**Student:** 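Sharing a structure below in structure tokens format, with a few things to ask.
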2 protein chains.
Amino acid sequence: MTVTETERWLELLEQKGSRITGPRKAIVELMVDADHALNPVDVFDRARVKYPKMGLVTVYRTLEVLSDLGLVERVHQADDCHMYLRAAQGHEHLLICSCCGKAAYFSGDDLGMLIQRISMESGFSIQGHWLQLQGLCQSCQPKKIQTQQGE
Amino acid sequence: MTVTETERWLELLEQKGSRITGPRKAIVELMVDADHALNPVDVFDRARVKYPKMGLVTVYRTLEVLSDLGLVERVHQADDCHMYLRAAQGHEHLLICSCCGKAAYFSGDDLGMLIQRISMESGFSIQGHWLQLQGLCQSCQPKKIQTQQGE
DNA sequence: TCCTTATTGAAAATGTTTTTCATTTTCATT
DNA sequence: AATGAAAATGAAAAACATTTTCAATAAGGA
Ligand SMILES: [Mn+2]
Ligand SMILES: [Mn+2]
Ligand SMILES: [Zn+2]
Ligand SMILES: [Zn+2]
């Protein structure tokens, strides 16, 4: 599954007239599999394992290319706003572990009523929304006992 | 109302053992009233009108102090993740105009059901959420006719 | 294999935020 | 009102993150 997804990304890259290169393959392979949002340096460190002469500049450039193709997207967290993760499929939002950073998409939110009400009350015409849940993933729950913030 | 709110901020500052200074007054006055999220340079430019010898470093430092006191908070937007706005009162979320940047808080979202479901499905224990609506404010609607992104 | 051109990595440039430090200002105490 | 300790300030330097420049390299069609 990972292999075919990697191939899909590379084919898309090719279709758009980009060349398939060693550095790009290394970055695609790792981004396809990543279950944490990664910042450019994270990507750099991981990519260098597969492609040792990788330059950090190429990481920036490749993330931009993948982002333009809609394959990865930027993720904002309180401490780091320049993280990247495979893009959402359709209408999905992120759930991120505040301890280890593990990220998962979810879908099925319904803000229609809320948006309609706020639209009325504020006079804004609402174009989009941004929703992100923070929590502790299963493997981090034993490690941390923290207070829960409701609603 | 603005005057008393400014005073409240300054008193809080004083209570916490900080000194009330010219630069801080200028920044507090402008942040109390701001209806747009402002980045440090925005704050700098505006504060210099009232306090011409203001240094940019002081802006950074003062925003941090106000943020530590819970009086302002950092706002993330697609193009600029280091913007500051007066802090939410209780459980509020932001509505921001994608054209002019006008910001308004709203409350009354209820994600309880959603959170419970996602919690079940994912195994995460959910601690908090981050919700932001983007749209066009009343005065920007005539200017731009844009496609609407649903739900 | 050859050739054109996109891509690459190093280095330099740029832009932002933080640190350092001598000077100024605040404000509690005379 | 004058004094003095400590906090705050602004200029300059340093540290960081990101982008640009450019000569060398590599991709992939002919
Ligand atoms: Mn949604
Ligand atoms: Mn952000
Ligand atoms: Zn975790
Ligand atoms: Zn507007």
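Order of the sequence lines sets the chain letters (A, B, ...), proteins ahead of strands, with each chain counted from 1. All values reported here derive from a predicted model rather than from experimental measurement.
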**Student:** Atom CG of A:Leu56 to atom P of C:dG9: distance rounded to whole Å?
**Tutor:** 10 Å
**Student:** Counting only N and O atoms by type, is there a donor-acceptor contact under 3.5 Å from the side chain of B:Asp42 to the main-chain atoms of B:Asn39?
**Tutor:** yes
**Student:** Counting only heavy atoms not in A:Glu121, do more than 12 fall under 6.0 Å of its CD?
**Tutor:** yes
**Student:** Out of C:dT18, D:dT9, D:dG28, which nucleotide sits closest to the side chain of B:Arg24?
**Tutor:** D:dT9
**Student:** What is the distance, rounded to the nearest whole Å, between atom OH of A:Tyr84 and atom C1' of D:dA17?
**Tutor:** 12 Å
**Student:** Please check: side-chain N/O of B:Glu92 versus main-chain N/O of B:Tyr105, any donor-acceptor pairing under 3.5 Å?
**Tutor:** no
**Student:** CZ of A:Phe44 versus P of C:dG9: gap in Å, rounded?
**Tutor:** 9 Å
**Student:** Given that both distances must come in under 3.5 Å, which nucleotide forms a Watson-Crick or G-U wobble pair with C:dT30?
**Tutor:** D:dA1
**Student:** Atom NZ of A:Lys25 and atom P of D:dA26: how far apart are they, to the nearest Å?
**Tutor:** 14 Å
**Student:** To the nearest Å, how far apart are B:Met83 CE and C:dT17 P?
**Tutor:** 11 Å
**Student:** Counting only heavy atoms not in B:Arg46, do more than 12 sit closer than 6.0 Å to its CZ atom?
**Tutor:** no
**Student:** Using atom CG of B:Asp45 as one end and atom C1' of C:dT16 as the other, report the distance to the nearest whole Å.
**Tutor:** 15 Å
**Student:** Quick check: on DNA chain C, is the nucleotide nearest B:Asp80 upstream (toward 5') of the one nearest A:Gly55, or the reverse? Name the residue that is more 5'.
**Tutor:** A:Gly55
**Student:** Between A:Glu5 and A:Arg8, does at least one N-O distance fall below 4.0 Å, as a salt bridge requires?
**Tutor:** yes
**Student:** Find the distance between CG (B:Leu13) and CD (B:Glu7) and round it off to the nearest 0.5 Å.
**Tutor:** 13.5 Å
**Student:** Nearest-Å distance, OH (B:Tyr60) to P (C:dG15)?
**Tutor:** 13 Å
**Student:** To the nearest Å, how far apart are A:Glu14 CD and C:dA6 P?
**Tutor:** 16 Å
**Student:** Collect all protein-nucleotide pairs involving nucleotides 19-25 of chain C in which both atoms are nitrogen or oxygen and the distance is under 3.5 Å.
**Tutor:**
residue, atom, partner, partner atom, Å
C:dT25, OP1, B:Lys53, NZ, 3.4

**Student:** Closer to the 5' end of DNA chain C via nearest nucleotide, is it B:Ile20 or A:Thr58?
**Tutor:** A:Thr58
**Student:** Side-chain contact, heavy-atom cut-off 4.5 Å: A:Leu94 with A:Leu131?
**Tutor:** no
**Student:** Counting only side-chain N and O atoms of A:His82, is one of them less than 4.0 Å from OP1 or OP2 of D:dT18?
**Tutor:** yes
